[in-house]
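One structure is given below, encoded as structure tokens.
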Number of protein chains: 2
Amino acid sequence: MSASRTDEILDVAEASIRKGGFDAVSFRDIAAAIGIKSASVHYHFPHKSDLGRAVVSRYGERLFAALGAPDAPGAAPRKRIKRLTQAYRDALAPEGDACLCAVLGAMTQGLPEPVSKEISAFYDRLLGWTKTALKGGKSTMTPEMIVSSLIGAMILAVERGQPKLLADAEKAILAAVAD
Amino acid sequence: MSASRTDEILDVAEASIRKGGFDAVSFRDIAAAIGIKSASVHYHFPHKSDLGRAVVSRYGERLFAALGAPDAPGAAPRKRIKRLTQAYRDALAPEGDACLCAVLGAMTQGLPEPVSKEISAFYDRLLGWTKTALKGGKSTMTPEMIVSSLIGAMILAVERGQPKLLADAEKAILAAVAD
DNA sequence: TGTGCTGTACCTATCACTAGATAGTGAATG
DNA sequence: CATTCACTATCTAGTGATAGGTACAGCACA
């Protein structure tokens, strides 16, 4: 009912990617997980690259919806950046899997071009958001440093099994940003 | 001549992993790259997990050899940490591929257990080295923060095609460490 | 009647992995 | 000295499993 078939497929695909990378996704496994056949998955996403692109795209849409406008009036830079760090902590939360784009960003080289382009667009947008969000305040960290420290913290937090590492990164980032 | 067959295999495997993750490695491709047959690769590394473990293990040995003792007399903490950041920059240098353990760290969940154990041991050792290296000095960054910022910077540097991002991380780390 | 979605059945390619034969080497043995 | 033995490293040939992807039929609903 609730979720469309397309969304069901994307849900399973996203979870698989976050657990084991792009190659961990298989049409058969996705189909089995939601109770259809692999040919039906191909109907919605003819090629695997279509599926990958869609997963990344939806992930981005959701993230930026959660972040809100980076230049929303009334929100100070520190508060905006806090929304960003919070989003990363939320991404880690439920299963202890790494954020989608941390995983895919780590191995863009080996992905189908449509997917790596989509990842690239995601980071274009994320860095742009962060840059705008910092405007009007003072930061000792560049947008790139903020984002990369979140990526690294997430990866190490997952590997070590220590969510605290991501919280530490958040603290360091917020300490570097003043309104 | 120089390199043993085992090393030749590990060279190709490491390059493949760094480009496309663990699943990008195939016995056939490795064999073809060095002019033998896949069955011969299996002779040296019966299972893929053996190969993965060996790649990570050799990578670690080389890195720690380059880092030297973390408590070598006469070397100040700042200088020691600089060796660490330099090692990461060297790892990025030749091909623009990400560091092996950044890639594998990003997706430990989907790896054969022997490989993920080896990755875990690598980070145990790396964090231990960094902790010891910081002794006697003052740092506003924990060992975990130093390592995770290098991981994140390397991943974003590769994705963006901007090696400078890793240099920026180095600067920030060195600024946080005082003798 | 057409459109949207799912099914069955199948394709070819690739995967990790194995059995067993072959050739070369070096040391021990007659 | 010649032979045998054990070992190393490679090959050919093949296994069964799984991958992405396709052709086409059926079915429900408008």
Side-chain angles (χ1 to χ4, degrees), chain A residues 1-56 58 103-104 107 109-118, chain B residues 1-56 58 103-104 107 109-118:
Chain A
M1 274 284 93
S2 44
S4 71
R5 194 110 281 189
T6 294
D7 275 321
E8 284 186 83
I9 293 170
L10 291 177
D11 286 342
V12 177
E14 178 175 333
S16 299
I17 292 176
R18 292 172 69 162
K19 254 195 209 110
F22 190 66
D23 292 333
V25 177
S26 101
F27 283 84
R28 277 173 177 74
D29 291 347
I30 291 172
I34 62 179
I36 59 175
K37 299 295 169 181
S38 73
S40 303
V41 181
H42 277 284
Y43 169 79
H44 295 277
F45 302 96
H47 304 282
K48 197 175 179 181
S49 56
D50 299 323
L51 180 56
R53 243 171 44 87
V55 169
V56 176
R58 190 187 69 162
V103 172
L104 293 184
M107 42 187 303
Q109 315 255 359
L111 298 175
E113 200 195 282
V115 181
S116 62
K117 293 257 189 215
E118 195 75 37
Chain B
M1 268 284 91
S2 45
S4 70
R5 193 109 279 189
T6 294
D7 275 319
E8 284 186 84
I9 293 170
L10 291 176
D11 287 341
V12 177
E14 179 176 331
S16 298
I17 292 175
R18 291 173 68 163
K19 256 198 208 105
F22 189 66
D23 292 333
V25 177
S26 102
F27 282 84
R28 275 174 179 73
D29 291 347
I30 291 172
I34 62 179
I36 59 176
K37 298 294 169 184
S38 73
S40 304
V41 180
H42 277 284
Y43 169 79
H44 295 277
F45 302 96
H47 304 284
K48 198 174 178 181
S49 56
D50 299 323
L51 180 55
R53 244 171 44 88
V55 169
V56 176
R58 191 187 68 161
V103 172
L104 293 185
M107 43 186 304
Q109 316 254 0
L111 298 175
E113 200 194 281
V115 181
S116 64
K117 293 257 190 218
E118 195 75 38

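Letters go in sequence order (proteins before strands), and every chain restarts at 1.
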With rounding to the nearest 0.5 Å, note down the distance linking [atom1] in [X] to [atom2] in [Y].
X     : Y     : atom1 : atom2 : answer
B/H42 : B/K48 : NE2   : NZ    : 9.5 Å
B/I17 : B/D23 : CD1   : CG    : 10.0 Å
B/D11 : B/I30 : CG    : CD1   : 10.5 Å

Of A/H42 and B/K37, the one whose nearest nucleotide on DNA chain D sits closer to the 5' end is B/K37
What's the [atom1]-[atom2] distance between [X] and [N], to the nearest Å?
X     : N      : atom1 : atom2 : answer
B/F22 : C/dC15 : CZ    : C1'   : 13 Å
B/I30 : C/dC15 : CD1   : C1'   : 13 Å
A/D23 : C/dT14 : CG    : P     : 15 Å
A/K48 : C/dA13 : NZ    : C1'   : 14 Å
B/R28 : D/dG14 : CZ    : P     : 14 Å
A/I36 : D/dC27 : CD1   : P     : 19 Å
B/F45 : D/dT10 : CZ    : P     : 12 Å
A/I9  : C/dC5  : CD1   : C1'   : 11 Å

*With side chains defined as the heavy atoms from C-beta onward, is the minimum distance between A/F22 and A/M107 less than 4.5 Å?*
no
Which is true for [X] with a 4.0 Å heavy-atom rule: it touches a base, it touches only sugar-phosphate, or it touches nothing?
X     : result
B/V25 : sugar-phosphate
A/Y43 : base
B/S26 : sugar-phosphate

Establish, with yes or no, whether the OP1 or OP2 oxygen of [N] is under 4.0 angstrom from a side-chain nitrogen or oxygen of [X].
X     : N      : result
A/H47 : D/dG20 : no
B/S40 : D/dA9  : no
B/H44 : D/dT8  : no

Among C/dT8, D/dA19, C/dT18, the one nearest any side-chain atom of A/A39 is C/dT8
Which of C/dA16, C/dT6, C/dC15 is nearest the side chain of B/D29? It is C/dC15
Under the 3.5 Å rule, do the base of D/dA9 and the side chain of B/R5 count as making a donor-acceptor pair?
-> no
field: Stepwise side-chain contact (heavy atoms from CB on, under 4.5 Å) check, B/E118 with B/V55
entry: CA-CA 10 Å; B/E118 195 75 38; B/V55 169; over 6 Å; no
